[in-house]
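Data first, discussion second: the structure below is written as structure tokens.
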Amino acid sequence: MEGLEVKQRDTMYRLMISQLFYDGHKDLAVGLAAIIQPHPACPPSDKLLRLVKLGLDHDDEENKETLGGELIQPGSGIDLEFETEVQTISPEIALYETCYVTAHKGPCRTAAFHPTGQLIATGSQDSSIKVLDVERMLSKSATPTDVLVVETPQQQMENHPVIRTLYDHNGEVTCLDFHPYEPILASGSDDYSIRFFEYSKPSVKKAFKSVQEASELTQIAFHPSGDYLLAGTKHPTIRLYDVNTFQCFVGSNPQDQHKGKITGLSWSPNANMFVSCSNDGSIKIWDGVSHKCTNTFNKAHDSKDVCSVTFSRNSKYVLSCGMDSMVKLWELSTNRCLIVYTGAGVTGAMTHGTTACFNHTEDYVLFPDEKTTSLCCWDSRNAERQRLLSLGHNDLVRHLAHSPTGPAFISCSDDFRARFWYRKATTD
């Protein structure tokens, strides 16, 4: 019993440190942490207040049942309101290996995973788009070389990971997104157009629909229903297209818009909101129905360009990165930056944009370091640095996308290549 009480007291102190961080009392939290020396470090969390409320409201046996219902299961995403001590079940990012490399004829600066995690699209400055089959890439990497060399041309074609190569743009492919339900891939380009490809047809090379824009495309994002498409360009005004009629909508208040080009767009999974970022240094939260801006984080990355934004699965948080080499987690219920992931960019300032993302379980945050071309990784909840992963590119890593369903990601580089990474199951 004595050992249990010590453990409970340790948990209580951890909750106190997390609550102090959450409430903005950083100095008090750091001071207490220096005395207690918790390991691992305590992330900001509102759990202690919730437990106190429950204890005050239910001073009886029902209290246990209520507390049990508050816990989240490992792998269900990041949620700092409820839980701080989540068991990480996903593999460490430093253990991922390259399983396949595909080469374009120009810098490769964008990629997107299909929502099922079964397909990846990559886009290049050479105006081409490749669609890759994840199962085929894994199969090819697991097949012995002596078997591969005796494959017939027919077998090579049937097993080739690149299932489609699409050519219909007249400029660099700058952004890609898969329709959530239909076999449709949307692409944006600096040729001022958005194109829609029906990639399920083997003979398809050209788009079945094209939308002409007034400015160079930088970002696109399908609505979770698939009925609408957000489009960002080098012009500050964000567009919303009806995918069925291709009618274009813009927000009614011009003052809501950014002051510079759009560098990131992402819908919340519940479709109630979307988030945008710009080289004007701000992040904006928008109502998903009225298209009105509901909040703006100005100078979100120390007045530097904001490079990417993405929602957490529960739509409570936004993950951003900027040209200050910082990655930040923003809590929307309190309209503030909750966690800063630091340590990237120590060898030199960033000169080109890139992206930050969660892994598939949201246990980790990933961000490529520009000068070293290594992948920085942090525990998403307490911002502890993990081991670096050398990405093996010979030039800047301009885009990173992690699978939504499994331990895989794709890195895109100015060295013309996209590398597919996967954590293979161990047999130890």
Side-chain angles (χ1 to χ4, degrees), residues 1-90 268-270 272-273 285 294-295 297 311-319 328-342 358-365 378-386:
M1 289 298 291
E2 200 171 300
L4 178 62
E5 187 172 327
V6 170
K7 191 173 181 182
Q8 288 173 337
R9 191 171 292 276
D10 181 59
T11 300
M12 179 187 72
Y13 284 127
R14 290 186 63 83
L15 289 170
M16 288 169 65
I17 294 166
S18 292
Q19 188 71 48
L20 287 168
F21 272 125
Y22 188 89
D23 291 342
H25 303 300
K26 184 179 176 182
D27 291 344
L28 287 173
V30 170
L32 183 55
I35 297 167
I36 305 300
Q37 296 187 329
H39 184 77
C42 301
S45 170
D46 202 27
K47 186 179 179 184
L48 181 58
L49 179 59
R50 291 174 174 275
L51 292 176
V52 170
K53 285 179 179 177
L54 286 169
L56 293 172
D57 292 344
H58 304 281
D59 191 17
D60 55 31
E61 200 60 34
E62 290 178 7
N63 187 24
K64 293 178 184 175
E65 294 177 18
T66 314
L67 288 176
E70 289 276 272
L71 300 176
I72 72 165
Q73 293 303 308
S76 57
I78 185 169
D79 196 338
L80 298 168
E81 281 189 83
F82 293 111
E83 190 53 271
T84 61
E85 307 297 332
V86 173
Q87 180 79 33
T88 300
I89 60 166
S90 50
S268 63
N270 64 16
N272 291 341
M273 304 168 280
I285 310 297
T294 57
N295 196 20
F297 299 111
F311 269 96
S312 61
R313 291 206 307 254
N314 60 15
S315 304
K316 290 183 178 183
Y317 309 99
V318 166
L319 186 74
K328 298 185 177 185
L329 188 76
W330 304 83
E331 184 178 52
L332 300 186
S333 63
T334 55
N335 294 328
R336 60 176 176 155
C337 176
L338 192 59
I339 300 178
V340 182
Y341 306 94
T342 61
F358 290 109
N359 75 324
H360 60 299
T361 59
E362 296 185 347
D363 288 327
Y364 297 115
V365 167
W378 298 266
D379 182 303
S380 65
R381 296 173 180 88
N382 61 28
E384 282 193 340
R385 281 285 299 274
Q386 308 296 303

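In what follows, every heavy atom counts, from backbone to side chain, and hydrogens, waters and symmetry copies are set aside. Position 1 is the first residue of the sequence; numbering continues from there.
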From Asn382 CG over to Ile339 CD1, what is the distance, rounded to the nearest 0.5 angstrom?
7.5 Å
Count the heavy atoms of every other residue, nucleotide or ligand shown that sit under 6.0 Å from CZ of Arg385, and state whether that count exceeds 12.
yes
Look only at the side chain of Asp46 and the backbone of Arg50, and say whether a donor-acceptor pair between them is shorter than 3.5 Å.
no
Side chain Glu362, main chain Ser312, donor-acceptor under 3.5 Å
no
Side chain to side chain, Ile35 and Tyr13, heavy atoms closer than 4.5 Å:
no
Heavy atoms of His360 and Ser90 approach each other most closely as CE1-CB, 3.9 Å
For the residue pair Gln386 and Asp379, what are the closest heavy atoms and their distance?
NE2-N, 3.7 Å
Without swapping roles, check the side chain of Ser268 against the backbone of Ser315 for a donor-acceptor pair under 3.5 Å.
no
Separation between OG (Ser380) and OH (Tyr364), nearest 0.5 Å, reads 9.0 Å
Derivation and outcome, side chain to side chain contact (heavy atoms under 4.5 Å, CB included), residues Gln37 and His39:
CA-CA 7 Å; Gln37 296 187 329; His39 184 77; over 6 Å; no
In terms of side-chain geometry, is the basic nitrogen of Arg336 or Glu331 positioned less than 4.0 Å from the acidic oxygen of its partner?
yes
Hey, are the side chains of Val30 and Phe21 touching, using non-hydrogen atoms and a 4.5 Å cut-off?
yes
Minimum heavy-atom separation for Pro269 and Phe311, please, with both atom names.
CD-CB, 3.9 Å
What's the spacing between Leu329 CG and Trp378 CH2 if we round to 0.5 Å?
12.5 Å
Of Leu49, Leu48, Leu20, which is the lone residue that meets side-chain contact (heavy atoms from CB on, under 4.5 Å) with Leu15?
Leu48
Heavy-atom donor-acceptor pair, Asn270 side chain to Asn272 backbone, under 3.5 Å:
yes
Any Met16 side-chain heavy atom under 4.5 Å of Gln19 side chain:
no
How many angstroms lie between NE2 in His25 and CG in Leu32, if you round to the nearest 0.5 Å?
13.0 Å
Is there side-chain contact between Asp363 and Arg381, with at least one heavy-atom pair below 4.5 Å?
yes
Closest non-hydrogen atom pair between Pro40 and Arg14, with its separation:
O-NH1, 2.7 Å
Nearest heavy-atom neighbours spanning Ile17 and Ala33
CD1-CA, 3.8 Å
Counting distance only, does the side-chain N/O of Ser18 pair as donor-acceptor with the main-chain N or O of Cys42 below 3.5 Å?
no
Distance, nearest 0.5 Å, that separates CG of Asp79 from NZ of Lys47:
11.5 Å
Verdict with reasoning, Val365 to Phe358, per side chain to side chain contact (heavy atoms under 4.5 Å, CB included):
CA-CA 5 Å; Val365 167; Phe358 290 109; 4.0 Å; yes
OH/Tyr317 to CG/Leu332 distance, rounded to the nearest 0.5 angstrom?
9.5 Å
